[in-house]
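These notes are about the structure you will find just below.
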Amino acid sequence: MSDDKIKEINFDGDTYLIEDLTPRVIDGFNMLAKLQQEIADISYQLKKCQAAQVHSSKELKEAIQEDKIKSVQKEK
């Protein structure tokens with residue numbers, strides 16, 4: 001049976017043994033991992049919203065054309 005436990009962690013170009021980490025440093029690594037996951041989630045949400053915005057804008061342009069709504073010309 002193999003031991004699948006993580007024995008070391010790489011951070012900022014250096015490798016550290018898990019057994020050497022203090023509770024404070026472990027908390028720091030856990031916080032960093034959570035923040036990175038939240039950034040990935042926010043990035044996904046942003047891309048999803050941007051795609052919805054592009055689609056909604058296209059639908060709005062089509063509706064304006066189909067309903068024959070004319071834009072007004074402003075005087076310069």
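- Here the straight-line distance linking atom CD1 of Ile9 with atom CG of Leu32 works out to 8.5 Å at 0.5 Å rounding.
- Aromatic ring orientation, Phe29 versus Phe11: perpendicular (interplanar angle above 60°, classes split at 30° and 60°).
- Asp41 and Gln45 form no side-chain donor-acceptor contact under 3.5 Å, judged by distance and modelled atom types alone.
- The distance from atom OG of Ser57 to atom CD of Glu62, rounded to the nearest 0.5 Å, is 10.0 Å.
- Taking CD of Gln50 as the start and NZ of Lys48 as the end, the distance is 12.5 Å to the nearest 0.5 Å.
- Linking Ile, Leu, Val, Met, Phe, Trp and Tyr residues whenever their side-chain heavy atoms come within less than 4.5 Å leaves Val72 and Ile69 in two separate clusters.
- For the atom pair CG of Leu60 and NE2 of His55, the computed distance is 11.5 Å after rounding to the nearest 0.5 Å.
- Atom CG of residue Asp27 and atom CG of residue Leu21 lie 11.0 Å apart, to the nearest 0.5 angstrom.
- For the pair Glu8 and Thr15, the minimum side-chain heavy-atom distance is below 4.5 Å.
- Separation of atoms CD1 (Ile64) and NZ (Lys70) is listed at 12.0 Å; rounding is to 0.5 Å.
- At distances below 3.5 Å, not a single donor-acceptor pair connects side-chain atoms of Ser43 with backbone N or O atoms of Ile39.
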